[in-house]
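As structure tokens, the structure follows; a few thoughts come after it.
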Amino acid sequence: MWSALRRATSGVLWYVRELTDETAYDRYVAHVRRDHPDAEVPNRRDFERMRTDRQEADPRQGFRCC
């Protein structure tokens, strides 16, 4: 019973992280390490800044309301 509850909780947490794009940094780090092993991996704060700047520069990426 506990393993089923743990599995369900894990699935819900995975879904919420994917839905909110919380995993974007994890995917980016994996990409950099795999495809550009000599490149420096930015920290989370720098990654979020780059991502926000890119979204604001390209109207097709959506917009920030506030």
Side-chain angles (χ1 to χ4, degrees):
M1 176 177 152
W2 290 112
S3 82
L5 180 61
R6 190 176 6 254
R7 226 177 16 246
T9 302
S10 175
V12 169
L13 289 175
W14 172 86
Y15 180 76
V16 169
R17 288 188 76 221
E18 288 291 332
L19 188 65
T20 59
D21 210 19
E22 181 69 23
T23 58
Y25 180 70
D26 298 334
R27 287 191 307 267
Y28 180 74
V29 169
H31 159 74
V32 170
R33 288 186 176 153
R34 181 184 61 245
D35 297 340
H36 311 283
D38 296 333
E40 183 178 332
V41 177
N43 61 31
R44 176 108 189 185
R45 178 183 219 135
D46 293 340
F47 168 76
E48 292 297 339
R49 179 79 269 168
M50 288 184 327
R51 194 168 110 164
T52 301
D53 290 345
R54 186 177 60 243
Q55 288 173 344
E56 289 177 350
D58 187 357
R60 294 172 297 169
Q61 293 282 331
F63 63 93
R64 281 181 50 187
C65 66
C66 22

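Quick note: numbers below take in every heavy atom, side chains included, and nothing from hydrogens, waters or symmetry partners.
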Below 4.5 Å, heavy atoms only, C-beta onward: do Glu40 and Asp46 meet side chain to side chain?
no
Measure the spacing between OG1 of Thr23 and CZ of Arg17 and express it to the nearest 0.5 Å.
6.0 Å
What distance separates Asn43 CG from Arg49 CZ, expressed to the nearest 0.5 Å?
13.0 Å
Atom of Phe47, atom of Pro42 and distance for their closest heavy-atom approach
N-CB, 4.4 Å
Answer yes if Val12 and Leu5 sit in the same cluster of Ile, Leu, Val, Met, Phe, Trp and Tyr residues linked by side chain heavy atoms under 4.5 Å apart, and no otherwise.
no
Between the CZ atom in Arg7 and the OG1 atom in Thr9, the distance rounded to the nearest 0.5 Å is 11.0 Å
Do Asp21 and Arg27 have side-chain heavy atoms sitting under 4.5 Å apart?
yes
Keeping Thr52 on the side-chain end and Glu48 on the backbone end, is there a donor-acceptor pair under 3.5 Å?
yes
